[in-house]
Protein chains: 2
Amino acid sequence: MRPRPRPELQDLKPYSSSDIAGGRILLHANENPYPLPQPVMDEIAEATRALQLNRYPAPDPVELYELLAEYNGVDPSQVFIGDGANEVLLQSCLAYGGPGRKALLFEPTYVMHHRQARMAGTAVAESQRSEEFDINIDDAIATIEIERPDIVFLCSPNNPTGNVTSLDDVRRIAGVTNGLLICDEAYFEFCGVTALPMLDELPNVIVVRTLSKAFRLAGVRFGYGIASPELLDQLGRVRMPYGQSSFTQIAAPIVLRHRTEVLKTVETIVLERGRIEERVAELPDTDVTEGGANFIFFTHPEAERLIGGLAGKGIIVRDFTKQVPGAIRVTVGTPAENDEFLESLTALV
Amino acid sequence: MRPRPRPELQDLKPYSSSDIAGGRILLHANENPYPLPQPVMDEIAEATRALQLNRYPAPDPVELYELLAEYNGVDPSQVFIGDGANEVLLQSCLAYGGPGRKALLFEPTYVMHHRQARMAGTAVAESQRSEEFDINIDDAIATIEIERPDIVFLCSPNNPTGNVTSLDDVRRIAGVTNGLLICDEAYFEFCGVTALPMLDELPNVIVVRTLSKAFRLAGVRFGYGIASPELLDQLGRVRMPYGQSSFTQIAAPIVLRHRTEVLKTVETIVLERGRIEERVAELPDTDVTEGGANFIFFTHPEAERLIGGLAGKGIIVRDFTKQVPGAIRVTVGTPAENDEFLESLTALV
């Protein structure tokens with residue numbers, strides 16, 4: 001006899017990114033296009049050689065907490081770590097969502113937020129962003145007062161549109177909700193706007209970050225949350241034993257110690273983002289959203305044709321036409337990659 | 001305002017293993033005491049140096065699936081991978097448990113099973129094992145018919161007691177339940193008894209394994225499940241994007257390719273298990289359970305005093321007195337470590 005899966009999850013198809021077969025220039029996954037400096041990789045490899053992999057990892061890697069606290073100007077007791085920001089987001093939903101509870105999303109936003117809420121058995125309410133994909137703060141407050149969500153997801157810079165929510169709006173949303181406000185700041189380093197300084201006055205906020213983007217460590221799957229120790233204590237109840245691997249526990253601290261050098265690519269990426277946005281906006285029929293992350297977002301009436309044409313030249317971008325009519329998200333690559341993308345796009349348009 | 005955590009999870013304290021401060025001989029976490037051979041570690045370190053950590057890991061690492069399939073004599077489509085067996089167990093609960101559903105455990109058993117079911121919002125029913133910690137099959141069947149669980153956890157060899165459930169009993173349990181039968185075989189390699197050959201006739205069974213024990217890879221956090229593709233499709237719905245880290249995707253295949261050498265310590269551990277069980281059984285007032293894993297389990301009326309006395313000599317064992325009166329679980333170490341444990345225990349008794 002076949003066991004019965006949960007009927008309420010049957011519309012959740014397994015997550016998949018883009019088809020990258022034949023891809024030469026990968027601009028679909030918001031990765032940092034610059035590999036870590038070889039000396040940093042050598043240091044990671046040397047530390048790996050000495051690992052005792054037959055032993056479980058330290059359940060609470062003190063140095064890693066301290067380095068994250070130092071980078072963010074908080075106390076180590078305010079830091080929670082996970083296998084990618086996604087695990088921290090899921091654990092936030094498991095701890096504060098669940099059966100009989102509700103999460104509010106400002107759509108279009110990061111598709112995993114909906115999934116994480118649903119996986120935890122949480123109902124999902126949606127508020128639509130404006131035509132420019134900003135949060136309309138009056139709508140947001142009205143929706144929160146009607147829906148009374150247990151969790152509010154606020155992605156800033158917003159994936160996939162790039163919009164940065166003002167700190168005033170974050171404060172107003174945090175003040176009006178009785179629930180947990182999850183500020184997903186995966187792309188923080190590319191805009192510099194963060195809710196972090198408000199944490200002392202807002203005990204219902206968790207700021208979620210990652211080392212996958214600015215820190216060039218997507219392959220390691222490491223993210224973290226910053227919040228009050230009382231709030232993080234709840235996330236501890238839904239943690240797996242031992243948590244992050246021994247490799248993560250050496251790679252993340254090495255990269256954080258070298259952060260001055262590792263973060264140097266952020267400036268180039270931000271400059272390139274501006275350049276690409278400007279160039280794409282000059283093309284006919286494009287509508288570009290000004291973004292604060294490491295990607296650009298625009299619409300075009302023939303988006304599918306453009307995406308296919310780019311793929312034909314080995315340039316993989318992300319198709320968001322199912323979420324937003326005509327929408328394409330393009331990760332900022334190296335200047336040479338961006339040139340090639342712009343050239344191909346111009347030819348196709 | 002503080003957000004309200006889920007009231008139904010407030011009795012779940014963050015998982016913790018033993019206090020290992022001052023520990024010289026670590027026999028508390030069922031780790032394999034033998035580090036990987038240095039050539040294998042060197043190969044892992046070299047492959048690490050070449051990783052492009054700025055890129056996300058492959059979402060579906062084909063070679064890893066193939067190596068696991070080959071080792072287990074199944075098709076790659078029957079393999080599902082996770083960050084430790086624990087993640088696969090949690091995902092099984094998210095996919096088949098959840099609100100309004102029930103899981104059945106045969107207690108005492110692995111404490112995470114209860115937690116994983118509860119994290120997913122699943123109610124938990126318990127059936128008590130016999131005085132020798134075996135599953136009483138008639139009781140089990142009666143309980144399943146009364147409780148109608150959506151998930152049945154069956155840990156064999158059972159952690160922490162070591163009992164191996166007969167394949168006849170596994171088949172009867174699988175046949176009587178409408179739910180998912182999770183056969184947690186984390187310690188399979190130390191007994192050789194597996195439900196795997198029954199999978200074709202039992203479409204409601206998932207066998208869950210790990211590379212943390214026999215394969216000496218606890219630090220990597222890697223586990224897997226084997227089941228029908230239809231069953232695994234449901235687990236795909238609750239997977240995180242990108243899944244296993246780039247490091248896991250090189251370390252696990254390297255260890256699997258070297259499995260003839262890596263698994264050589266299993267025989268020594270099994271012999272040592274028999275030797276320790278025999279020696280402990282000869283001591284006054286001990287009651288030893290014959291086990292099939294890489295640990296021994298026994299009771300003694302003064303267990304707390306013995307555990308404290310061993311810790312005083314730097315030997316850390318696991319206190320299970322809160323689950324079973326007088327119970328101690330001791331991981332099989334190297335012969336020299338086991339000698340020291342036996343000597344100290346004998347002196348204390």
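We name chains A, B, ... by the order of the sequence lines, and we start the count at 1 in each one. Computed over heavy atoms, backbone and side chain alike; hydrogens, waters and symmetry mates excluded.
The main-chain N or O of B/Asn54 is never found under 3.5 Å from a side-chain atom of A/Asn32 such that the two would form a donor-acceptor pair. Judged by distance alone, with hydrogens and angles left aside, the side-chain atoms of A/Glu31 form a donor-acceptor pair with the main-chain N or O of B/Tyr56 at under 3.5 Å. Side chain of A/Arg6 to main chain of B/Leu94: a donor-acceptor pair is present (N/O by atom type, distance under 3.5 Å, no hydrogens or angles).
Looking at A/Ser228, the atoms closer than 4.5 Å to chain B (heavy atoms on both sides) all sit in the side chain, from C-beta outward. Of the atoms belonging to B/Gln249, not a single heavy atom falls under 4.5 Å from chain A. Looking at A/Leu26, the atoms closer than 4.5 Å to chain B (heavy atoms on both sides) sit in the backbone and in the side chain alike. A/Glu8 touches chain B through its side chain: at least one heavy atom from C-beta onward sits under 4.5 Å away, while N, CA, C and O do not. B/Tyr34 touches chain A through its backbone: at least one of N, CA, C or O sits under 4.5 Å from a heavy atom, while the side chain does not.
Note that the CG atom of A/Asp83 and the OG1 atom of B/Thr248 stand 8.5 Å from one another [nearest 0.5 Å]. Here the CD1 atom belonging to A/Ile250 is positioned 7.5 Å from the OG1 atom belonging to B/Thr48, to the nearest 0.5 angstrom. Interatomic distance, A/Leu53 CG to B/Leu36 CG, rounded to the nearest 0.5 Å: 6.0 Å. With rounding to the nearest 0.5 Å, the separation of CG in A/Asn178 from CZ in B/Arg4 is 6.0 Å.
Across all their heavy atoms, A/Pro3 and B/Gly179 have their closest contact at CB-C, 3.6 Å. Nearest heavy atom pair, residue B/Gln52 against residue A/Pro35, reads NE2-CG, 3.8 Å.
Annotation: maximal heavy-atom pairing with chain B below 4.5 Å, among A/Ser246, A/Ala58, A/Ala251, occurs at A/Ser246. When the candidates B/Gly84, B/Pro33, B/Gly121 are compared by the number of heavy-atom contacts under 4.5 Å with chain A, B/Pro33 comes out ahead. Among the candidates A/Met112, A/Arg239, A/Gln244, the residue making the largest number of heavy-atom pairs closer than 4.5 Å to chain B is A/Met112. For the set B/Arg55, B/Arg216, B/Glu43, B/Glu87, the entry with the most heavy-atom pairs within less than 4.5 Å of chain A is B/Arg55. Taking chain B as the reference chain and counting heavy-atom pairs below 4.5 Å, the highest number among A/Gln91, A/Met41, A/Arg101 is found for A/Arg101. The candidate with the highest count of non-hydrogen atom pairs below 4.5 Å against chain A, out of B/Gly100, B/Ser245, B/Pro5, B/Ala47, is B/Pro5. When the candidates A/Ser212, A/Ala120, A/Pro59, A/Gly97 are compared by the number of heavy-atom contacts under 4.5 Å with chain B, A/Gly97 comes out ahead. Contact count versus chain A (heavy atoms, under 4.5 Å) is highest, among B/Asp42, B/Ile20, B/Ile44, for B/Asp42.
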Give the C-alpha distance, both sets of side-chain angles, the deciding distance and a yes or no for side-chain contact (heavy atoms from CB on, under 4.5 Å) between A/Gln10 and B/Arg237.
CA-CA 8 Å; A/Gln10 293 312 299; B/Arg237 295 178 202 275; 3.4 Å; yes

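Just one residue in the list B/Gln116, B/Arg115, B/Met119 forms a side chain to side chain contact (heavy atoms under 4.5 Å, CB included) with A/Val238, and that residue is B/Met119.
Counting only heavy atoms from C-beta outward, the side chains of A/Asn86 and B/Tyr242 never approach each other to under 4.5 Å.
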